[in-house]
Amino acid sequence: MTKRTAEILKRLDETYGTEYICYLNHETPWQLLIAVILSAQCTDARVNIVTETLFKKYDTLEKFANADLAELEEDIRSTGFYHNKAKNIISCARTLVQEYHGEVPSTLEELTSLAGVGRKTANVIRGNIYHDPSIVVDTHVKRISKRLGFTKEDDPVKVEYDLMKVLPKDHWILYNIQIITFGRNICFARGPKCSECFLQDLCKAEDKRK
DNA sequence: CTCCCGATAT
DNA sequence: ATATCAGGAG
């Protein structure tokens, strides 16, 4: 790890702490799984509004497994992509009930075999639930990792491999959590607040704002 | 590569 | 009007 990388991680730790916080409200692993499926191209704030009532109406995995498709579509409509998400959630819930005794699996292979669960969602579960060192590459991580000069890739999987080489393993999970906060507060996709940024002197972004 | 798609900020 | 939001599947 370079001195510069170490300094960036140190400042992220100092600014945002080292706790594994989660922006998607949930009480169980399967609730987090469904929340992450819902979060595709949708703000976590919106997902939390939806799951607030959703998890009371469907309070077990079995209820999601036996849900009426059209009704579930309406229940999650405001998160967007609701046809696909509803179909995937029902299929995913059925697989968990039938093949996994209602438990959420912990390996990348098992997780990504579930409907609606791709690499990003699987890594959120691995990190947040099982504390398995895993790097989540979402829209924030991709954008900010490029600005910080940790990668030049556009493909999320290539970004993930680049970050594995750059970041120490004990920061893999934390990096994603801190970067989401950073992306929400300072390093926006549009018009980042570079003048107020605590990483400004270390940043290699070409789209810096004055 | 394209499609899925509503809510919000700019 | 357009960009963006904790992406995934065909």
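Chain letters run A, B, ... following the sequence lines, proteins first and then strands; every chain starts at 1.
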- request: For nucleotides B/dT2 and C/dA3, find the distance between their P atoms and express it as a whole number of Å.
  value: 16 Å
- Which whole number of Å gives the distance between the P atom of C/dA6 and that of B/dC3? 24 Å
* Kindly say if A/Arg46 contacts the phosphate of B/dT8, meaning a side-chain N or O under 4.0 Å from OP1 or OP2. => yes
I'd like to know if A/Glu160 pairs up with A/Lys165 as an ion pair, taking the criterion as any Lys NZ or Arg NE/NH1/NH2 lying under 4.0 Å from an Asp or Glu carboxylate oxygen.
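Salt bridge absent between A/Glu160 and A/Lys165.
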Exercise for review: Would you mind checking if A/Asp44 and A/Arg184 are paired as a salt bridge, meaning a charged N to carboxylate O distance below 4.0 Å?
Suggested key: yes
Once base and sugar-phosphate atoms are separated, protein heavy atoms under 4.0 Å mark nucleotides 4-10 of chain C, 5' to 3', with B, S and - as SBBBSS-
| field | Nucleotide B/dC4, atom P - distance to CG of A/Leu38 in whole Å | value |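 The distance from CG of A/Leu38 to P of B/dC4 comes to 19 Å, rounded to the nearest Å.
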Residues joined to A/Ile173 in its hydrophobic cluster, side chain to side chain under 4.5 Å directly or through other members, sorted by chain and number, are A/Tyr20, A/Ile21, A/Tyr23, A/Leu174, A/Ile177, A/Ile180
- Task: List for me each residue that meets side chain to side chain contact (heavy atoms under 4.5 Å, CB included) alongside A/Thr15, sequence neighbours excluded, and say none if there are none.
- Result: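 With sequence neighbours excluded, A/Thr15 shows a side chain to side chain contact (heavy atoms under 4.5 Å, CB included) to A/Phe198, given in chain and number order.
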Worksheet entry | Ring geometry between A/Tyr16 and A/Phe182 (parallel below 30°, tilted from 30 to 60°, perpendicular above 60°) | tilted
What distance separates A/Ile37 CD1 from A/Cys42 SG, expressed to the nearest 0.5 Å?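 Spacing of CD1 (A/Ile37) from SG (A/Cys42) equals 13.5 Å.
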